[in-house]
Amino acid sequence: MKIKLVIIVAFSVLAKFSFAQTDVDAIMMNKNQFCFGPMYSYSSWDHYWEGTLKRNNENLGTVSTKMFNVMGNWGITNNLNLMFSVPYVKTKATAGTLAGMKGIQDLSIYAKWRFLNASIGKAKLKLFAIAGFSTPLDNYVIDFLPLSVGLGSTNGIFRFQADYQYKKFTVTASTASWVRSNVKIDRTSYYDTEMHYTNVVDMPNASQQQIRAGYRGKYLIAEAILNKWTTKGGFDITRNNMPFPSNRMNSTSLGLSAKYTIPAFTNLSLLAGTQYTLAGRNVGQSTQYYGGVFYAFYANKKSKPQPKK
Amino acid sequence: MKKRIYSLAIIAAAILSIGSCSKSINDRTAELPALSPTSVDENAGTWKPILLSSASEFSVAAPGATTTPDYIAQLNEIKDWQQDISKEEESLVKYWGAGAVLRWNEILRTLVAQHNLPPYQNADGTYPFPNANNPLAYPLFPFANPPYAARAYAYVSAAQYDALVAAYYYKKLYNRPAPSNVDANIKTLLPKQSIASYPSEDAVIAGVSVEMMKLLFPGDQEFIQKQAEEHMRARIISGANVRSDLEAGMALGKLVAQKFVTRARGDRAGAAASNATQWAQMETDAINKGETPWISLELPKRPPMLPLFGKVKAFLFDSLTAISLRPPPPPATSSQKMKDELAEVYNYVKNPTRENIRIVHFWADGVGTYTPPGHWNAIACEDFLKKNFSEVRWARNLALLNMAVMDAGIVCWDTKYYYFNPRPTQLNPAIKTLTGIPNFPAYISGHSTFSAAAATILSVIVPERAADYDAMAKEASMSRLYGGIHYRSDCEVGLVVGKNVGNYAVARSQTDGAGN
């Protein structure tokens with residue numbers, strides 16, 4: 001029996017907005033299979049990019065984000081999964097006087113559809129279309145970067161993904177488009193590159209590309225992940241200014257992720273990973289560690305596939 | 001299968017709802033109707049100027065007759081523009097038509113927000129100072145912090161007012177009709193005004209504003225000139241003025257500005273940054289009084305912001321009066337009252353409510369914003385719009401507001417550096433703040449002093465809003481306690497001092513001949 005897990009790539013920017021994604025891998029739940037579990041991640045940085053200038057800030061020290069996330073994945077059919085996640089976020093700066101923030105962040109829901117599952121000799125090719133949205137569950141503070149809980153926008157996410165497997169080795173590539181709603185901040189005017197007399201901020205849309213490659217065995221999955229996040233518009237933080245939700249936040253990060261299903265008790269899986277920001281713009285150069293435990297089961301025993309001998 | 005369809009429907013609905021969201025943003029002052037004053041204030045030439053000895057101190061030559069070939073050529077210039085008006089020109093007419101004093105105030109707020117950035121430190125942990133003679137080198141000149149901004153708003157507004165009083169004097173004297181009253185073929189894209197058009201009040205405002213802003217924001221001349229050029233173009237395209245109306249107005253505005261520039265160069269603001277010897281002396285003085293002196297909470301420690309701004313020459317009173325407005329000392333840093341107030345601050349920041357954070361951020365007006373004085377300008381302008389004031393009354397009311405706010409800043413800064421009192425976080429580092437801590441002593445709160453001064457004079461100008469202004473000033477004041485920035489004493493005494501200063505503006509408003 002195979003237990004398929006939600007694999008998360010939590011991506012953390014200067015904003016300390018970290019969002020968990022359940023949509024960026026090629027692994028599917030079977031029909032009527034349900035998987036859920038908690039995830040914990042810790043991300044921190046002491047350098048960030050002010051526009052394109054890399055710097056530190058003695059008045060922030062190290063900025064950290066702790067995130068506790070509850071996630072789930074439900075196999076509606078073998079080729080269609082529905083996923084959700086709800087994170088609780090807590091931020092902190094080790095130096096300076098600014099208070100950290102905490103609160104429930106954004107609910108994410110994704111539908112992942114595998115529309116092609118083909119064998120080409122010994123190799124397999126799978127294609128996916130993924131659609132999702134995320135929205136704040138709480139009226140958290142948006143305009144207090146880098147200590148905000150999140151960026152506050154409601155997002156539509158559309159992803160295309162291809163997965164190629166040859167024996168135990170896999171490569172998964174995906175590209176996603178993020179459509180972000182405007183957000184409302186607590187003040188009635190703000191300056192980005194001009195003065196605005198409104199509390200509404202136009203959040204630029206964004207795109208995400210990812211390539212992950214590695215080993216996919218019966219119990220162990222281990223992958224390296226290269227992730228690129230690009231904001232389509234927005235503006236740079238000016239010299240020694242504060243960051244703002246609609247900054248042009250870009251980042252490229254490299255990570256490792258491993259999932260291990262316990263052979264003696266295959267309902268249970270452990271997940272651990274790390275991610276490091278290689279390059280960025282208006283974001284923190286974060287290092288992130290995460291770990292989680294997931295429990296998978298069949299909602300309906302009849303639908304449980306027979307073990308392969 | 002049913003479940004699948006159901007789930008897909010939910011997701012599709014969610015995505016569609018995001019896709020259909022309009023992303024357009026409506027700025028509150030982007031789409032305004034044209035200014036159409038209830039009263040044109042045609043006797044404003046008799047109002048009392050601030051610096052000018054009289055409305056006629058600077059002479060304005062009599063305009064040429066409207067029958068001369070030169071004037072007819074100027075009418076043709078308008079017709080030429082009006083033959084083919086582009087979308088961009090149309091939007092310029094609309095933008096400037098909302099009010100010249102309003103728009104130049106907004107431009108000033110933009111410059112303040114753009115320049116309200118503390119310089120980054122040098123490699124050795126010291127800080128560079130902006131240099132007015134080299135404004136485009138880092139750190140850019142100016143650092144438009146709240147005192148700098150308060151003074152900038154006051155000078156620009158006061159100079160606009162004096163220039164308009166002079167302009168209205170000559171309007172009445174020469175009584176040149178508007179182009180459309182001379183030639184019926186001139187279209188008027190803005191409401192016709194019964195007031196004489198020479199010299200143009202718009203050009204006076206542009207001229208005086210350009211000159212004042214050149215002094216205050218010397219690195220932004222290109223931007224400032226572009227605004228003036230567009231403003232003047234809008235006047236011609238709209239058919240409101242011929243070129244000679246504008247040229248006379250521009251010249252008058254520049255002359256009046258020179259008087260204010262001369263005052264500004266001698267008002268002691270240039271020495272307000274002070275020096276290391278004087279900073280050390282302030283610290284020693286506090287210690288000698290048995291107090292814990294203020295220490296910068298920035299890393300590396302930043303020199304205090306404009307310690308001698310309290311010595312700047314006020315608009316509404318002399319230097320002895322400024323000192324007499326200084327309040328009695330704050331509770332001693334070692335007293336039980338201070339311990340209690342410190343505990344109160346800690347209680348507010350320990351577990352802040354969402355509403356309190358909203359209030360803190362609504363009024364913070366910190367780095368990268370138009371500052372608390374700018375916030376009060378924004379509040380005032382949005383209310384003035386509803387009052388349909390004439391340009392000269394707009395200028396007069398903003399001058400009263402901004403002189404009150406600047407002078408409040410002077411008394412506040414004098415108090416801050418006289419007592420040199422520490423911030424709550426200095427006495428208890430466990431106090432983490434909900435917005436940045438300004439880099440100067442605590443007592444008294446700048447937000448409270450600025451806000452009470454503003455609310456006091458605005459309550460006379462827009463009396464139906466008096467209760468709202470009072471509530472806003474109190475909320476702005478308390479926001480500093482909620483945010484962990486100030487003790488209650490700083491806020492409450494700040495409100496009292498602000499009101500006392502504001503009353504000087506009220507007194508002026510009763511004797512300047514404008515009436516309320």
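Residue numbers begin at 1 in each chain, while the letters A, B, ... track the order of the sequences.
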* To do: Answer yes or no: is there an ion pair linking Asp143(A) with Arg358(B), defined by an N-O contact shorter than 4.0 Å?
  =>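 The answer is no: the pair does not qualify as a salt bridge.
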
Is it the side chain or the backbone of [X] that comes within 4.5 Å of chain A heavy atoms, both, or neither?
X         : answer
Asn116(B) : neither
Thr110(B) : both
Pro300(B) : both
Arg109(B) : both
Thr433(B) : both

Given side chains that start at C-beta, do those of [X] and [Y] come closer than 4.5 Å, heavy atoms only?
X         : Y         : result
Val360(B) : Phe144(A) : no
Leu434(B) : Met101(A) : yes
Tyr140(A) : Arg354(B) : no
Leu117(B) : Asn241(A) : yes

* Winner by heavy-atom pair count (cut-off under 4.5 Å) against chain A, out of Leu299(B), Val367(B), Thr435(B) ->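 The candidate making the most pairs under 4.5 Å is Leu299(B).
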
* Name the option with the most non-hydrogen atom pairs under 4.5 Å to chain A; the candidates are Ile357(B), Thr425(B), Ile431(B), Asp365(B). =>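 When all of Ile357(B), Thr425(B), Ile431(B), Asp365(B) are compared, Ile357(B) has the most.
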
Interatomic spacing from [atom1] in [X] to [atom2] in [Y] - rounded to 0.5 Å:
X         : Y         : atom1 : atom2 : value
Tyr197(A) : Asn26(B)  : OH    : CG    : 16.0 Å
Lys102(A) : Asn351(B) : NZ    : CG    : 5.0 Å
Glu194(A) : Glu106(B) : CD    : CD    : 11.5 Å
Thr369(B) : Met195(A) : OG1   : CE    : 7.5 Å
Gln121(B) : Asn240(A) : CD    : CG    : 7.0 Å

* Find the one option among Asn57(A), Thr198(A), Thr97(A) whose heavy-atom pairs under 4.5 Å with chain B are most numerous. =>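 Option with the greatest count: Thr97(A).
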
* Within a radius of less than 6.0 Å around CD of Glu355(B), do more than 12 heavy atoms belonging to other residues, nucleotides or ligands occur? ->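 Yes, CD of Glu355(B) has more than 12 neighbouring heavy atoms, counting only those of other groups under 6.0 Å.
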
* Asked: Has Lys90(A) got more than 12 heavy atoms of other residues, nucleotides or ligands less than 6.0 Å from its NZ?
  ->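 For Lys90(A), atom NZ is not crowded (no more than 12 foreign heavy atoms under 6.0 Å).
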
Between the side chain of [X] and the main-chain N/O of [Y], is any donor-acceptor distance below 3.5 Å?
X         : Y         : value
Arg28(B)  : Thr188(A) : yes
Asn59(A)  : Glu298(B) : no
Lys432(B) : Gly96(A)  : yes
Asp186(A) : His361(B) : no

* To do: Indicate whether the side chain of Ser189(A) and that of Tyr370(B) have a donor and an acceptor atom separated by less than 3.5 Å.
  =>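 Yes.
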
* Decide yes or no on side chain to side chain contact (heavy atoms under 4.5 Å, CB included) for Tyr120(B) and Glu50(A), but give the supporting numbers first. => CA-CA 12 Å; Tyr120(B) 187 72; Glu50(A) 184 177 85; 5.9 Å; no

